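Below is one structure, written out as C-alpha cells; the observations come after it.
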Number of protein chains: 2
Amino acid sequence: MTCKLNVDALLAHTPIFGDLNVARRVRIAQTGRELQVAKHRFVFRRGDTAGGLYVVASGHIKLSIPSPGGNEKVLEFFGPGQLFGESGMFLERPYMVDAQALEDSVLVCIARDDIYAALERDPVLSRYMLMNLARRMDALVEDIEAVNLQSASQRLACFLLRQPRDGACTRFPYSKGIVASKLGLSPETLSRLLHQLSSAGLISVHGRMVTIHQPEALRLQQVAS
Amino acid sequence: MTCKLNVDALLAHTPIFGDLNVARRVRIAQTGRELQVAKHRFVFRRGDTAGGLYVVASGHIKLSIPSPGGNEKVLEFFGPGQLFGESGMFLERPYMVDAQALEDSVLVCIARDDIYAALERDPVLSRYMLMNLARRMDALVEDIEAVNLQSASQRLACFLLRQPRDGACTRFPYSKGIVASKLGLSPETLSRLLHQLSSAGLISVHGRMVTIHQPEALRLQQVAS
DNA sequence: CGACAATTTGAAGCTTCTCAATTCATGTGG
DNA sequence: CCACATGAATTGAGAAGCTTCAAATTGTCG
C-alpha cells in the first residue's frame, strides 16, 4: 500500500486515463489502491465476486479459463497501461476467468462504485471504456475464428507473423506451454509444428527466440494447408 | 422507410432504450431509420465500414464469421429488443462478421455520431451499453470455453438444457445446420449425436422439436464424457 | 406435384490429443 | 561453483474424436 500520489502517476501513463482532465484523474486515483502481485499469484479466480477493475502498472497478467482436468484455456494477456476485469465488473456477476500474474506485477484496483461515479462525470471515459471492450471483443472473435476455421499450422504461422519483429527475429512472449494454450493447441503439437517449420527451413528456434527466414512462405501457410 | 413515430415505439420496447428519459429517447428515435431486411439478406458483411448500430424490432439476425470454403462459424443470434453491430461501431473499424436475417426482419439503424451524442447526454445509456457489451463478451468466453475444453456431446447437452423448456419439450431455435455451426460441429456430427441420445432414451427428436426424457442423465453428459 | 434444400447415414481418413519417456533448462542450496 | 532438484520442452507411438465425401432420405415451399 504505497501513497496515492504514486497511483496517479501510474494512471497518467495509461491510454485510458492519461487523456483525462487532470483533476478528474486525480480524483479517480485517490479512490484506487495499489496492489502488488507476485509471479504465479492470482489476482482473482473464477467464481470470485467482481468488485472492480484493474490497471496494470508493471508486469504481465494472464486471463484464462480454468478446467477441472488441470488444463486451462489462455484467453488474453495484459501489460503495462492495460485494463482488465471490467467485463466482470460491468456484468455484476462473478468472474468467469482466472487472472494470474506471469511476473511480479504492480496493479491499481479501482472499485466499481468509483468507476461508475467517474463514468457519470466523464463521457470521454465511457467512450474509452466502450472502445476498449469492443477491441477485446474483436480479439475474442478472432480467436474463435482461428480455432473454428483454421488448422493448427495456420494459427501458428499467423501468431508468429503478428509478434513484434526485430529484423528477422521474434520471440515467444511467454512460455511455450502458455502460447500453446492461447493458440488452442497442446504443447506437444506446438513443439512438433515448430520442428516442422524448422526442418522446412522457414524458421529456426532457440528457446523462446525465433528467426523467420522466409516470411513469405509463412504467410502462405496462413492461408492454405 | 416508415415514419419516425414508429421508430420511437420500437425503441420504447427495448431494454436498452426503454428505461431512458422519454424526451431523450424520442430525440434518438428521430435520428434512427427503419430498415426492412428480407430473410437471408445481409444487414452488413465482413469488410463493410461500420457506420452505426442496429436494434432488432422484429425478426432474427445471425452474426457469423464467413470462411472462404463456404463454411461459416455462427457466433450469436439477436431477437426483438436486442442490439448488434456496436462493437464494430465503437472500434471504428470495418466489421469482422456477417449479419444476416434468419427471417424477414425490421431493424432500426442509428448512426455512430448520433449514438456518441446520446452517450454524452446520458450516462445511463453508456452504463447500459457497457453492461451489454460485457454480457456479450461473457457469452463469447463461454463459447471459447466450450470449444476448447468440452467434447461435442457435452456442448450439445449443455445447449439442449439451456433452451427454454415447456414441460419436457424444447425446440431448436434455428435450422440444425446453423445450430451445429454455433456449437462448433459439422451438421453430420450433430445428427449423429442426436441419434445417439435418442437411442439411449435420453431424448427424442421430431424435426426441430426435442423432448427431454431424462434431464438428469443429460446433465451428467455435460460434465463427463 | 415436383424441385430444391435440409437432414440423415455410412465409410474412410486425418488432424490433433494423450500418455509416457527422455532431454533440456532453471534455479537452489550445500 | 557444482550437483541436484524441479519444471519445461521435446520426441515417439498409439488412439480417439471429429470431419469429409458421397449417397440416400426426408422435409419444405412454390
Side-chain angles (χ1 to χ4, degrees), chain A residues 38-40 62 67-74 100 102-104 146-160 171-199 203-210 221 224-225, chain B residues 38-40 62 67-74 100 102-104 146-157 159 171-199 203-210 221 224-225:
Chain A
K39 183 172 181 175
H40 293 151
K62 173 196 81 184
S67 135
N71 302 330
E72 59 164 15
K73 165 62 187 175
V74 173
Q100 188 179 22
L102 293 167
E103 327 154 10
D104 293 347
V147 171
N148 284 281
L149 302 172
Q150 298 185 301
S151 71
S153 57
Q154 288 175 317
R155 304 203 291 269
L156 175 57
C158 183
F159 179 85
L160 288 174
R171 300 178 43 75
F172 285 104
Y174 311 103
S175 79
K176 288 181 187 169
I178 287 175
V179 171
S181 171
K182 163 79 179 157
L183 293 175
L185 304 173
S186 69
E188 293 95 328
T189 303
L190 174 59
S191 182
R192 280 184 255 268
L193 287 175
L194 287 171
H195 184 80
Q196 281 178 31
L197 291 176
S198 293
S199 300
I203 64 175
S204 47
V205 184
H206 300 301
R208 286 192 191 173
M209 242 196 54
V210 180
Q221 286 259 337
S225 170
Chain B
K39 183 172 180 174
H40 294 150
K62 171 195 82 183
S67 137
N71 302 329
E72 60 165 13
K73 164 62 189 176
V74 172
Q100 190 179 19
L102 293 167
E103 328 154 9
D104 293 347
V147 172
N148 283 280
L149 301 173
Q150 298 184 302
S151 71
S153 57
Q154 288 176 315
R155 304 203 291 271
L156 174 56
F159 179 85
R171 299 180 44 75
F172 284 105
Y174 311 104
S175 80
K176 287 182 188 170
I178 286 177
V179 170
S181 171
K182 163 79 179 155
L183 293 176
L185 304 172
S186 67
E188 293 94 329
T189 302
L190 175 59
S191 181
R192 278 184 257 267
L193 287 175
L194 287 171
H195 184 80
Q196 280 178 32
L197 290 176
S198 293
S199 299
I203 64 175
S204 49
V205 184
H206 300 302
R208 287 192 189 172
M209 241 196 52
V210 180
Q221 287 258 339
S225 169

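Quick caveat, the model's predicted, so the values are computed rather than measured. Because only heavy atoms are used, hydrogens play no part in the values below, and waters and symmetry mates are left out as well, while side chains stay in.
Distance A:His206 NE2 to D:dT10 P: 12 Å, rounded to the nearest Å. Atom CZ in A:Arg208 sits about 10 Å away from atom P in D:dA8, given to the nearest Å. Rounded to an integer number of Å, the gap from B:Asp104 CG to D:dC29 P is 13 Å. Distance, A:Leu194 CG to D:dA8 C1': 14 Å, rounded to whole Å. The interatomic distance linking B:Leu156 (CG) with D:dG17 (P) rounds to 16 Å, in whole Å. When rounded to the nearest whole Å, the span between CG of A:Asn148 and P of C:dT15 equals 18 Å.
In this structure, the side chain of B:Lys176 engages the main chain of B:Gly207 through a donor-acceptor pair within 3.5 Å. With hydrogens and angles disregarded, a donor-acceptor distance shorter than 3.5 Å links the side chain of B:Ser199 to the backbone of B:His195. Panel note: side chain A:Ser198, backbone A:Leu194; a donor-acceptor pair is recorded below 3.5 Å.
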Protein-nucleotides 18-24 of chain D N/O pairs closer than 3.5 Å?
from: D:dC18; atom 1: OP1; to: B:Ala152; atom 2: N; distance (Å): 2.8
from: D:dT19; atom 1: OP1; to: B:Ser186; atom 2: N; distance (Å): 3.4
from: D:dT19; atom 1: OP2; to: B:Ser186; atom 2: N; distance (Å): 3.3
from: D:dT19; atom 1: OP2; to: B:Ser186; atom 2: OG; distance (Å): 3.2
from: D:dT19; atom 1: OP2; to: B:Thr189; atom 2: OG1; distance (Å): 2.5
from: D:dT20; atom 1: O4; to: B:Arg192; atom 2: NH2; distance (Å): 3.0
from: D:dC21; atom 1: N4; to: B:Glu188; atom 2: OE2; distance (Å): 3.2

Heteroatom pairs (N/O) under 3.5 angstrom, protein to nucleotides 25-27 of chain C:
none

query: Where do B:Leu183 and B:Thr189 land on the side-chain contact (heavy atoms from CB on, under 4.5 Å) test, with the steps shown first?
result: CA-CA 11 Å; B:Leu183 293 176; B:Thr189 302; over 6 Å; no
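The minimum heavy-atom distance linking B:Asp104 with B:Lys39 is given by the pair OD1-N, 2.7 Å. Heavy atoms only, all atoms of each residue included: B:Gln150 and B:Gln154 are closest at CA-OE1, 3.1 Å. Closest approach of A:Tyr174 and A:Val179 over heavy atoms only: O-CG2, 3.8 Å.
Residue B:His195 has no polar side-chain atom (N or O) positioned under 4.0 Å from OP1 or OP2 of C:dT8.
Contacts of residues 172-182 of chain B with DNA chain C (heavy atom under 4.0 Å): B:Ser175, B:Lys176, B:Gly177.
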